[in-house]
Peer 1: 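Have a look at this one before I ask anything.
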Amino acid sequence: MAIDTSQFFQIFFDETEELLQQLEALLLDLDIQAPDVESLHAIFRIAHSIKGNAATFGFSDLTDITHVMESLLDEFRHGHLCLTELHRHLMLEAKDVLKMQLDGLQHERPVDSERVQQVRAALDAQWLRASSQSKAAAAAAVLPVVAAAAQEEEDLGYGFFEPLDDLPGAAPTSAGAEATEAALLPAAALGPVSAPEPAPGSARRDNGSHGPEASTIRVNIDKVDQLINLVGELVITQAMISACSKDLDPALHEKLVNGIEHLSRNTRDLQDSVMSIRMMPMDFVFSRFPRLVHELSSKLGKRVEFVTEGGATELDKGLIEKIVDPLTHLVRNSVDHGIEAPALRLQSGKSETGLLRLSAMHQGSHIVIEVSDDGGGLDREKILRKANSSGLAVSPEMSDEEVWQLICLPGFSTAETVTDVSGRGVGMDVVRRNITSLGGTLGIKSLAGQGTRITISLPLTLAILDGISVRVGGEIYILPLSYVIESFQPERKDLHHLSGDGLVIRVRGEYLPVLALHELFGVTPQSQEPSSGILVVVQMESRKAALWIDEVIGQHQIVVKNLETHYRKVPNISGATILWDGSVSLIVDVAHLLGQQRSLAGT
């Protein structure tokens with residue numbers, strides 16, 4: 001009976017992509033000087049699994065590459081061929097080709113057949129060279145125990161597949177084949193590997209990111225989002241019931257009040273459990289960077305040890321997808337601008353190998369991600385000179401924090417020349433804008449000659465928000481708690497009018513602009529002047545402002561609803577939520593307000 005295997009294609013695509021990620025990580029972690037035998041076995045098994053699975057579904061393009069990879073890896077694990085940096089780079093190229101072919105099958109994307117043939121030819125040439133060497137040295141076998149175990153494993157064939165015959169077509173063995181291999185490799189990979197460990201771009205991770213494999217089940221993300229939305233509605237309904245129960249007499253309705261309290265606790269636990277489904281470990285992001293650091297450091301002639309910490313720290317899947325690009329730019333900046341060339345590091349009394357650290361940790365309801373290096377640090381004077389030449393209003397009295405923030409301005413770059421890596425002034429401003437759009441903050445610290453540390457703080461999820469409800473006239477608005485510093489009723493003597501009808505408040509020696517929310521949203525306020533109302537001080541990075549409101553109602557955890565999905569984009573509003581009484585309340589876009597205030601202050 002014929003079986004329709006197309007129903008299993010998506011499972012194959014997902015599993016193969018995971019195997020390719022593992023393959024890349026294992027290749028980058030290999031010690032070229034003394035490769036770990038178990039790691040070589042693991043790499044071989046991955047290639048064998050991809051080949052066997054692809055053959056089952058009839059994807060011959062994938063089996064062509066993986067069959068030659070498997071043959072070459074077999075020479076390494078038998079000890080017939082010595083692993084070099086050239087081989088590692090060739091294997092990484094093959095992994096990229098497999099990923100390209102996989103995307104072509106899954107998403108019907110074009111496949112560069114010329115590149116596929118180049119990589120295939122280079123692998124063939126290496127395998128034939130290794131095969132001839134192993135035949136000549138058959139009498140003096142290396143690592144006999146390992147070879148015997150590998151042969152036994154190969155004979156078993158995993159119980160599923162017959163051995164594939166040698167692929168048709170003559171393998172390139174002439175000088176043209178060697179030229180093909182050279183075209184695939186950077187100049188750094190062609191030279192002898194004689195530098196001390198760690199190898200350029202080597203990755204070292206904390207023990208927390210390599211725990212035992214857990215049982216998993218694949219669920220479509222749309223089903224997870226639907227479940228989260230339903231739980232959100234349940235939370236809103238529970239809040240309405242709790243609000244109504246406040247008017248009940250506990251003595252007369254003891255059982256009902258106790259039941260509502262139990263419902264509240266259970267609903268909160270259910271909400272936390274469901275939200276955790278969307279949480280993913282940061283290692284999903286961190287695993288992308290060892291390859292980037294490895295190739296970029298080789299290209300720039302630098303030696304970089306890449307260390308990750310806190311890979312098990314979890315973040316919402318939606319945020320993880322949006323944090324990749326900002327982190328990629330920060331990592332590239334650290335390798336390109338931060339860490340010096342080996343000769344300069346030796347002159348400064350440092351090790352010729354620079355340290356690049358990427359870490360993540362939880363702090364309350366936020367996740368803090370740090371990108372730090374032990375390079376030369378930011379050059380304060382150079383940044384100020386560049387700012388002056390660009391017509392920016394700067395002064396030597398500016399604090400270091402204010403100077404560092406200049407590199408986040410659009411078009412700002414201190415690079416002397418424009419390269420394919422950096423120098424166009426596009427990057428840090430986009431990083432800050434992306435982080436701010438996610439409700440996060442970006443901090444920069446640097447010491448000359450010691451390095452730079454960039455800190456990103458993000459909310460754990462975009463679906464749940466801790467906020468403060470405030471009343472402005474007859475409307476209730478939500479202020480995200482992460483931006484709120486304090487609230488107070490001001491005194492008239494602390495309020496001052498500036499030219500242009502600007503109003504500021506003096507708070508402990510610092511003057512803050514006063515923003516009237518009733519003017520922004522066209523609402524009639526209850527308080528006719530700030531001294532009869534309430535001011536809420538909000539802050540994002542180094543920017544502060546005081547929001548003029550009528551009343552602070554309280555602190556709540558709210559379920560965020562996307563306003564654009566159901567209505568349209570509203571200026572100065574980031575979303576909406578449903579309150580305990582069933583009414584809709586708008587969430588103030590504090591980051592946008594502060595961004596506007598800064599631009600006004602600079603004019």
Side-chain angles (χ1 to χ4, degrees), residues 1-28 39-74 77 90-113 115-117 119-120 123 153-154 156-168 210 212-225 277-278 280-281 283-285 287-288 290-291 317 320-321 324:
M1 180 179 64
I3 300 177
D4 181 13
T5 58
S6 62
Q7 59 182 313
F8 305 112
F9 280 0
Q10 190 58 49
I11 297 176
F12 167 76
F13 293 143
D14 292 341
E15 290 185 351
T16 304
E17 188 159 348
E18 291 178 5
L19 288 172
L20 289 176
Q21 291 175 358
Q22 295 173 21
L23 177 67
E24 180 178 281
L26 286 168
L27 285 170
L28 292 172
S39 295
L40 291 176
H41 281 316
I43 296 172
F44 174 85
R45 285 193 293 268
I46 288 175
H48 186 85
S49 297
I50 295 175
K51 182 191 76 172
N53 293 341
T56 300
F57 291 103
F59 298 140
S60 58
D61 291 346
L62 292 174
T63 60
D64 286 350
I65 295 288
T66 49
H67 179 68
V68 186
M69 281 183 66
E70 185 184 35
S71 301
L72 185 57
L73 286 164
D74 205 29
R77 67 184 194 139
L90 188 56
M91 291 290 180
L92 290 171
E93 285 285 339
K95 175 262 174 185
D96 290 342
V97 166
L98 289 170
K99 181 64 168 67
M100 176 178 62
Q101 292 176 318
L102 191 69
D103 289 342
L105 292 169
Q106 183 177 6
H107 305 295
E108 298 183 355
R109 295 175 181 170
V111 175
D112 187 349
S113 58
R115 184 185 179 196
V116 174
Q117 292 303 320
V119 173
R120 165 69 189 278
L123 286 169
E153 180 183 86
E154 180 179 349
L156 288 174
Y158 296 95
F160 293 102
F161 307 106
E162 293 297 328
L164 294 178
D165 295 330
D166 291 341
L167 297 174
H210 291 283
E213 185 177 355
S215 325
T216 58
I217 181 172
R218 296 183 184 275
V219 179
N220 190 298
I221 190 65
D222 292 336
K223 293 184 178 180
V224 176
D225 290 340
I277 297 176
R278 277 186 61 95
M280 298 177 64
D283 206 39
F284 277 88
V285 178
S287 61
R288 302 168 185 250
R291 174 79 178 277
K317 182 181 184 296
I320 276 191
E321 294 171 348
V324 171

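Residue indices begin at 1 and follow the sequence shown. The shown structure was predicted, so the numbers you read here are calculated from the model rather than taken from an experiment.
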Peer 1: How long is the straight-line distance from NZ of K223 back to CD1 of I277, given to the nearest 0.5 Å?
Peer 2: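 These two atoms lie 12.5 Å from each other.
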Peer 1: Measure the spacing between CG of L40 and CZ of F44 and express it to the nearest 0.5 Å.
Peer 2: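 Result: 11.0 Å between the selected atoms.
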Peer 1: Taking all non-hydrogen atoms of both residues, which atom of E93 and which atom of R291 are closest, and how far apart?
Peer 2: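 Heavy atoms only, the tightest pair is N-NH2, 4.3 Å.
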Peer 1: Atom CG in D61, atom CZ in R120: separation rounded to 0.5 Å?
Peer 2: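 So the gap between those two atoms works out to 11.0 Å.
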Peer 1: Of all the heavy-atom pairs spanning S49 and L19, show the shortest one and how long it is.
Peer 2: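 Closest pair (atom of S49, atom of L19, distance): CB-CD1, 4.2 Å.
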Peer 1: Which atom pair, heavy atoms only, marks the closest approach of A55 to T63?
Peer 2: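 So the two residues come closest at N-CG2, 3.5 Å.
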Peer 1: With sequence neighbours excluded, tell me which residues meet side chain to side chain donor-acceptor pair (under 3.5 Å) with Q106.
Peer 2: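 Scan of Q106 (side chain to side chain donor-acceptor pair (under 3.5 Å), adjacent residues dropped) gives none.
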Peer 1: Looking at NE2 of H67 and CG of L72, how far apart are the two atoms once the value is rounded to the nearest 0.5 Å?
Peer 2: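 Between atom NE2 of H67 and atom CG of L72 there are 12.0 Å.
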Peer 1: Taking salt bridge (charged side-chain N to carboxylate O under 4.0 Å, His left out) as the test, write out the residues that go with D14, two or more places apart.
Peer 2: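 Once residues adjacent in sequence are excluded, the partners of D14 under the salt bridge (charged side-chain N to carboxylate O under 4.0 Å, His left out) criterion are R218.
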Peer 1: Calculate, to the nearest 0.5 Å, the distance between atoms CE and CD belonging to M280 and E321 respectively.
Peer 2: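 Separation between the atoms: 7.5 Å.
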Peer 1: What I'd like to find out is whether the side chain of V116 reaches to under 4.5 Å of the side chain of M100, using heavy atoms alone.
Peer 2: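 Yes, their side chains come closer than 4.5 Å.
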Peer 1: Working to the nearest 0.5 Å, report the span between CG of L73 and CZ of R45.
Peer 2: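 Here the interatomic distance stands at 11.5 Å.
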Peer 1: So, do I50 and I65 sit near enough that their side-chain heavy atoms are less than 4.5 Å apart?
Peer 2: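 No, every pair of side-chain atoms sits at 4.5 Å or beyond.
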Peer 1: Report yes if some heavy atom in the side chain of L102 is under 4.5 Å from a heavy atom in the side chain of F12; otherwise report no.
Peer 2: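 Side-chain contact under 4.5 Å: yes.
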Peer 1: Mind checking what makes salt bridge (charged side-chain N to carboxylate O under 4.0 Å, His left out) contact with E15, not counting sequence neighbours?
Peer 2: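 For E15 there are no salt bridge (charged side-chain N to carboxylate O under 4.0 Å, His left out) partners, ignoring immediate neighbours.
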Peer 1: Taking the side chain as every heavy atom from C-beta outward, state whether V224 and K317 have any atom pair closer than 4.5 Å.
Peer 2: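 Counting from C-beta outward, V224 and K317 never come under 4.5 Å.
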Peer 1: Test of understanding: with side-chain contact (heavy atoms from CB on, under 4.5 Å), list the residues that count as partners of L105, not counting sequence neighbours.
Peer 2: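 Here the qualifying residues are F13, F59, L62.
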Peer 1: Can you name the side chain to side chain donor-acceptor pair (under 3.5 Å) partners of S39, sequence neighbours left out?
Peer 2: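 S39 satisfies side chain to side chain donor-acceptor pair (under 3.5 Å) with D36 once adjacent residues are dropped.
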Peer 1: Partners of Q101 by side chain to side chain donor-acceptor pair (under 3.5 Å), sequence neighbours excluded?
Peer 2: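 Residues passing side chain to side chain donor-acceptor pair (under 3.5 Å) with Q101: none at all.
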Peer 1: Using the test salt bridge (charged side-chain N to carboxylate O under 4.0 Å, His left out), find all partners of D225 that sit at least two apart in sequence or belong to another chain.
Peer 2: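 By the salt bridge (charged side-chain N to carboxylate O under 4.0 Å, His left out) rule, D225 matches R278.
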Peer 1: Tell me every residue that passes side-chain contact (heavy atoms from CB on, under 4.5 Å) with L23, counting only those two or more places apart in sequence or in another chain.
Peer 2: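 Expected list: L20, L27, I43, I46, M69, K95.
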Peer 1: With heavy-atom distances below 4.5 Å as the criterion, would you say the side chains of L123 and V119 are in contact?
Peer 2: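 A side-chain contact exists here, since the closest heavy-atom pair is under 4.5 Å.
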